[in-house]
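Each chain gets a letter, A, B and so on, in the order the sequences are listed, and its residues count up from 1.
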There are 2 protein chains.
Amino acid sequence: MSGRSNRKKAKDASASVDGETASPDFGFLAELVSFHFRMLSIELNRAYDHSFADTPLAGGTGKLSTLIVVANNPGVSQTSVAKALDKDRSAMVKLVDHLEAKELIVRHPSPKERRTYALQLTDKGRSLLDQVTNIACRYDEDFFSVLTDEERDELVRILKKLRRHHEPGTAGL
Amino acid sequence: MSGRSNRKKAKDASASVDGETASPDFGFLAELVSFHFRMLSIELNRAYDHSFADTPLAGGTGKLSTLIVVANNPGVSQTSVAKALDKDRSAMVKLVDHLEAKELIVRHPSPKERRTYALQLTDKGRSLLDQVTNIACRYDEDFFSVLTDEERDELVRILKKLRRHHEPGTAGL
DNA sequence: TATTGTTATACTCTATAACTATA
DNA sequence: TATAGTTATAGAGTATAACAATA
């Protein structure tokens, strides 16, 4: 939390005067890890939308991740899925609504708990998941294909380490 | 784009049957780099909102980044800022509207280009930026404080490498 | 024709609050 | 009282299309 000041005050290339240089000066923004993280996050989401454009799961990653969690945990409740994906209960309602409307998921009445639903994939949902699994893996491979295997492993390791310290609830990965 | 299959088929801990285990099975989602990236991204954004809650720049990172880019490139046009931050022109309009309404930024008429505005910070904007700079740096430090210096440097290096290959336009970092 | 700023539209995501029915 | 699902609302982010003024 302290004693870390090995930041470069580079600011080399683009010292703009009238503000209309090709690549503007980002100031201390370029020194923030979170800035680079966020900028890449934009590209990652864009690549996702592009890869899944011709798919019923197009538009945000919520549908795919929900479908996968339900597929691997038949009978889950909405709240469980929401917690797993770090989403809100109310957000999950709309996601399940959407997936149910497309007949990919069913809300079964839960046997023990009359408050909850037991979510399950339909045959159509299972079939679709089989199809998009290839797209998802290729999308992920392609996006990070620039990295060496060592860099990729290191990135995953660092991401998991960060998640362990920032996710209060489900830090069991 | 090929020849990379060192994925572990771990799936150790939580093999749920009724779907109501503490931590559900994420299936192949847990094998995607993008999944871990996205999950951490949620926490990063949450941490930002928390850090800037008592600030005129609360609610999204767009206001802060815009303020910084304008501060470091006095006289930039809206489109330039939009391109730099990888945003849409129409999105930038609302951001500048918001910052202008709070008297942090002014839209000066551009001397040469009558189509464009020359954006500049007001004294109030400069003053605010001075204040929030500390918050921004502390927010970034704190979030990644779990990492060693070497891990942090490696993370930044990998992020920049990925950005270089995925940002078509402004890859000059 | 191309570009800048703008407006309108639409959908995702996130967050909050309040309601219902169960427990 | 606590929880699961729901509904409503709100703002941020992203994307597209179209328009007027200007180049």
Side-chain angles (χ1 to χ4, degrees), chain A residues 19-20 38-39 41-50 52-53 55-66 75-101 105 107-119 169, chain B residues 19-20 38-39 41-50 52-53 55-66 75-83 85-102 105 107-119 169:
Chain A
E20 287 306 327
R38 226 179 299 272
M39 293 293 279
S41 187
I42 295 176
E43 293 301 322
L44 187 67
N45 291 326
R46 237 172 238 164
Y48 179 92
D49 286 338
H50 187 266
F52 286 82
T55 284
L57 304 180
T61 65
K63 307 183 192 76
L64 174 64
S65 53
T66 300
V76 264
S77 65
Q78 292 186 183
T79 301
S80 293
V81 181
K83 282 180 183 169
L85 297 176
D86 209 359
K87 289 179 183 294
D88 199 80
R89 272 176 299 151
S90 58
M92 192 54 61
V93 173
K94 281 190 286 184
L95 274 172
V96 176
D97 279 351
H98 190 275
L99 293 172
E100 198 180 32
I105 273 188
R107 287 193 238 231
H108 285 300
S110 188
K112 299 181 179 179
E113 276 263 20
R114 285 197 298 175
R115 287 179 297 183
T116 73
Y117 289 130
L119 302 179
Chain B
E20 287 305 327
R38 228 179 298 273
M39 292 294 279
S41 188
I42 295 176
E43 293 302 323
L44 187 66
N45 291 327
R46 234 172 239 164
Y48 178 92
D49 286 338
H50 187 265
F52 286 81
T55 282
L57 303 180
T61 64
K63 307 182 194 77
L64 175 63
S65 52
T66 299
V76 265
S77 66
Q78 290 187 185
T79 300
S80 292
V81 180
K83 282 181 183 169
L85 297 176
D86 210 359
K87 289 179 183 293
D88 200 79
R89 270 176 301 147
S90 58
M92 191 55 60
V93 173
K94 279 190 287 185
L95 275 171
V96 175
D97 278 351
H98 190 275
L99 293 172
E100 197 180 32
K102 296 205 172 184
I105 273 188
R107 286 193 240 231
H108 285 299
S110 188
K112 298 180 181 178
E113 276 264 18
R114 284 197 299 174
R115 286 180 299 183
T116 72
Y117 288 130
L119 302 178

Side-chain contact check for A:T116: nearest option of D:dG5, C:dT6, C:dT12 is D:dG5

More 5' along DNA chain C: B:D97 or A:K94, using each one's nearest nucleotide? B:D97

Out of C:dA23, C:dT6, C:dT14, whichever nucleotide has its closest atom nearest the side chain of A:E113: C:dA23

Whole-Å distance separating the NZ atom of A:K112 from the P atom of D:dA4: 16 Å

To the closest 0.5 Å, what do you measure between CD1 (B:I42) and OG (A:S41)? 9.5 Å

Taking atom P of C:dA15 as reference, at what distance in whole Å does atom NZ of A:K83 sit? 16 Å

Rounded to whole Å, the CG-P distance (A:D86 to C:dA15) equals 8 Å

Value rounded to 0.5 Å, distance of CG in B:D86 from CE in A:M39: 5.0 Å

Would you indicate, yes or no, if C:dA15 has its OP1 or OP2 atom less than 4.0 angstrom from a side-chain nitrogen or oxygen of B:R46? yes

Nearest nucleotide by nearest heavy atom, which residue falls closer to the 5' end of DNA chain D, B:R115 or A:D49? A:D49

Between C:dT9 atom P and B:D88 atom CG, what is the distance in whole Å? 17 Å

Side chain of B:K63, backbone of B:A58: donor and acceptor closer than 3.5 Å? yes

Once rounded to the nearest 0.5 Å, what's the spacing between atom OG of B:S65 and atom CG of B:L95? 7.0 Å

A:R89 near the nucleic acid: base, sugar-phosphate alone, or nothing, with a heavy-atom cut-off under 4.0 Å? base

If you look at every strand shown and take non-hydrogen atoms under 4.0 Å, does B:R38 touch a base, only sugar-phosphate, or nothing? nothing

Taken to the nearest whole Å, CG/B:L57 to P/D:dG13 is 11 Å

Would you mind classifying the nucleic acid contact of B:S90 as base, sugar-phosphate or nothing, using non-hydrogen atoms under 4.0 angstrom? base

Nucleotide of D:dT7, D:dA12, D:dT16 approaching A:V93 most closely (side-chain heavy atoms): D:dT7

Under 4.0 Å from OP1 or OP2 of C:dC13: is there any side-chain N or O of A:K87 that close? no

Whole angstroms only, please: what is the CG-P distance between A:L85 and C:dC13? 11 Å

Can you find a pair of side-chain heavy atoms, one from A:V81 and one from A:K87, that are under 4.5 Å apart? no

Taken to the nearest whole Å, CG/A:L95 to P/C:dC13 is 6 Å

Below 4.0 Å: OP1/OP2 of C:dT12 and any side-chain N or O of A:K63: yes

Taking CE from B:M92 and C1' from D:dA15, how many angstroms apart are they, rounded to a whole number? 15 Å

Please tell me if A:R114 has a side-chain N or O lying less than 4.0 Å from either OP1 or OP2 of C:dA21. no

